[in-house]
Each structure stands twice: as C-alpha cells, then as structure tokens.
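Note that ligands are numbered from 1 as they come in the structure, with each ligand's atoms numbered from 1 the same way.
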Amino acid sequence: MLTAMIQRPQDLPHPHARPGPRRPVAALTAVCALVVLGAAPDAVARAVPQESAADRAYRDFLDRGADAKVMTVAHRGQWREAPENSLAAVRAAFADGAELVEVDVRLTKDRVPVLMHDATVDRTTDGKGRVADLTLAELGRLRLRKGLGGAQAPLTGQRVPTLADVMRVAKRRGLVNLDKAWDAREEAWRVLTATGTVRNGLFKSAAPVDEVRAFLAGHRGALYAHTLDDDNRGAVEEFGPDQPLAYEVGFDKTDDAVADPAFLGRLRSTGRVWINSMEDDLAAGHTDEASLIDPARGWGALLRTYRANVIQTDDVEALEEYLATGRAGAVPRGAVRVQGEAYAEGGEGVAYHDTDADNRGDGPGRPGEGVDVCDHDGAIAVCWMRGSEWLTYQVDVARPGRYTVAARVSSPYSPAGSYRIALGRGAPSGPVAVGITTAHRAYELQRSRVTLRLPRGRHTLRLSLDEGAFQNWNLDYLQLEPRWRPVRRADGPSVADASPAPPKGP
Ligand SMILES: [Ca+2]
Ligand SMILES: [Ca+2]
Ligand SMILES: [Ca+2]
C-alpha cells in the first residue's frame, strides 16, 4: 500500500515536460500520517523502498530549483584509478562521489554499442584498428591500458566493456552520460530498455532541434542534454517551451556569447547548466588544474560567475572535496610545497642548468632564462626535462624534523626518467624513478623513499637529472611531507607531535 503511494522517480512527470506542481508532498504526508498513527518506525523503514544512489541522481538531475545540488561528472570514468572508459573506472567514479559518469559510445562492426573514446583502439588497448572494423568478439580479446593509455602505458586486466555492461553497473549507482552516442542512439536506446536503465542513460548532442525533438517524441522517458556554444546558441529559442534537461555549455573565451552570465542565468531557469573543466578551451581557462592552485580560479568561477550546477571533471575527488569543504589542492598540514617553476634566482650555471637557452614550453618562463615552463591546462610545470639538467630551490622550513620527498609529475613514457635530491652542497640521494602517468597532462603526486632531516630555516634543495638515463617528464611541484604527525592546536598553527610516524613511501 504505502509503497505505491511514495513517489518513485519512475512516477515523475516526463523529464522534458514543463515545470509543474510537484507531487512528492502528498507522498511525504502519507508517511508522516502513518508515523503519527503509531506505526513502528522500523515498520515504516521496511515499507519504504530504499532509494538508490541512482534514484537520487535522477531526482537531482531533474531538479530545476535555484538551490539544486551541484552534480559531479567523471570524465571517461575515474581514469586516475582504472583505464578510461572501463567498468572499473565507472565503478570507481561512483565510489568517489560522482553522480554522473561520462563515457564514449561507439558501435562495433556487428553494431554492438561499446565504450571507446577514439575511432580506433590504438591508444587505449593492445590492439590496432577502427572499432567499426572489429567485431565484439575481436574487441573482447583486447586489454585496456592504464589511465589515458598510450603506447607505453602498461596493460591491465580490464577489457573493453559493452554499454550494456556499464548500464548494469550504473543501474543503482548513478547516471551515465552517453557521449558520441547520438549516431548510435537507436542501438543505445535498445540497450537502456533491455537493461532497465532508461532513467540512468543521458543522451547528448548538438544535433538540429527538429532531430532532437523527433527522438524525444519517439523515446518517452529519454534523458537529454544539449551541447551549446556560440555556433548553435539559437537552439535555446528553437526548443521553445520544451527545453532540454541541461545545456552543456562550452566557451573558450570569456567574451563568448554563451558565457554571458545573464544568458546562463536564463538557461538555469529552465534546466541545468553543465560546464566542463578538463581543458583550457572548454571554459576559458577555468580548469581542474587552475582549481587545484586556487578553486576561485576554476570551479568557484564556474559555479558563481557562470552559473554551472553540473561540472564535468578529470579530478572527481578534488571537486568533491571542494564542494564539501570549499578547499581543494591545499598543502597538507605540516608539509612544505615548492613549485617546480619557482626555482631559485641566479641564472644558468648558478641556480639551474638547462640544455638549451630558450623556454621551449608554452608557459610563463622567466625572460632570458632557459628553463622550460609549460602550461598544461592550468598546471604550470617545468617541462622538457632532460638528462644533465638541474634546478635549485629555496625552501623555508618552519618545523624542524624529517621529511619525505614527493613530487607531482607527469609523463607518457615508461620509464619516464628519474631525479636525485641534494640538500645544500651535500651528497645527492639515490635516483628516484618517475612513474608513467600516461599523459603529459595527467599529473600525479608520487612519493619517494628519500627523507631529509631539515633544521628550521631556509635551505637549498638541488634536483638533478642523470645524464645517462632517458628523461622526459614534467615537474609541477616538489612537496616535503612530515615524517612526524602534525597536529593542530585549537588556537595555533601545526606543531610536531612527539609520537613516531607511520612509515611512508610507495
Ligand atoms: Ca630550455
Ligand atoms: Ca629543459
Ligand atoms: Ca607548478
């Protein structure tokens, strides 16, 4: 009885219908009445079906309210923990707090929807060729490569998943954004209906409005978001009273017409505003990496200035942290961070050695100096790092003690290279191997086994790259992490705890 009275997502009005009076109030009243009439609370709990994470995500996605929950989309799944577009990456994204997972859908030769970003399998698997030329059975024999793939990325045990596999995983966990699927929308729709996941699958396109309308009219209950930029912004008028659930808005410059806050405010009144923060040209530099330096430069601007309430990210955990606490990318308590590009003053041969006199990167290097500095979608890093090069850093240590050396690095190569660390004019450490991160733009904090005993005060650190070894990696920053356990006094800064620290290291 009661079950039938509670409004479940499947009872909600057609998702693309205009906002109207909401019904859940009556259902809630029914629950309260039962409680008042004396039903045992645990009986009520048993009678009310457990709302799944997917039910909540569906309900949230349809929320047009001004204070609707900000939703996180994991780009290609959580590829920092598992291969992009893999089942494990989809699971990890939901486990890390994403309500939506973006995946890329393509058809095999035998027209089965599978997950693959590129037209070919070359980058992300141990195979070769176009997805459209391979059967499902042939694809099933391939292994996915770690992270964002690439020729040198290690193979994993993960296989290319079918869309059906993914929808079954998502069924109770959240929504799946079906990117690149518009041309295969009939096949994708059949998967959703066969797996009972129509409410989990979000279609997306920049197709002509008539084409979208025809699809939605013929596929009742389909969730849909429209991709919008300056070239097709007239679609908003064309949709008229039947607006999409969301607009995925892209702007590479802040003066793009679609980046006008008043325009975005209008979109917010009819549905969700979805903005992507993975790369510079998706949101005029308001990126994930900019957010890690200062959230106000990235996600904060997207939420406040550009009215976003859906953000697609390559950094699910950091965005979740930001949404929960207002902070992201902060220096851990007790640690000391020095940016790679903030090397010491003094010039070539004194403060650094670089193999050529120009800045070969596209980032903000120092005039007349040869250190190569890149801007990787907001991550400012020393790049073009080669054997024989070295850099020195001035590091201020407030708390004496032992510190472990960590570095935030990136490289698509394996091996990527190595570095040694010396304190002042002391002997350098043994070589620290830099692990492949699968892309120049895929930064990751890698801890070493090198520890330094540092007195209070200013120290010079020297980072050097052996000449004999292959070297091709990028340095965002070095981080000295305390071996002791920093504790915070109620009224003061971090202090060293006397208790011994647990061992750190890879
Ligand atoms: Ca150079
Ligand atoms: Ca260099
Ligand atoms: Ca940096």
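- Close placement of the W182 and Y224 rings is indicated, their centers lying within 6.0 Å of each other.
- When the Ca ion (ligand 1) is compared with the N/O/S atoms of D358, atom O turns out nearest.
- Among the backbone and side-chain atoms of D354, an N, O or S atom lies under 3.0 Å from the Ca ion (ligand 2).
- The distance from the Ca ion (ligand 3) to the nearest N/O/S atom of A379 is not under 3.0 Å.
- Qualifying salt bridge (charged side-chain N to carboxylate O under 4.0 Å, His left out) partners for D126, counting only residues two or more places apart in sequence or in other chains: none.
- Annotation: angle subtended at the Ca ion (ligand 3) by E341 OE2 and Q339 OE1 is 80°, to 10°.
- The six-membered or imidazole ring of W484 lies near that of Y403, with a centre-to-centre distance under 6.0 Å.
- Below 30°, between 30° and 60°, or above 60°: for F470 and Y413 the angle between ring planes is above 60°, a perpendicular geometry.
- Note: angle at the Ca ion (ligand 2), from OE1 of E389 to OD2 of D372, is 160° (rounded to 10 degrees).
- At most 12 heavy atoms of other shown residues, nucleotides or ligands fall within 6.0 angstrom of atom CD in E467.
- Taking the Ca ion (ligand 3) as reference, D476 places its N/O/S atom OD1 nearest.
- With rounding to the nearest 0.5 Å, the separation of CD1 in I293 from OG in S291 is 9.0 Å.
- At a cut-off of 3.0 Å, V371 does not coordinate the Ca ion (ligand 1) through any N, O or S atom.
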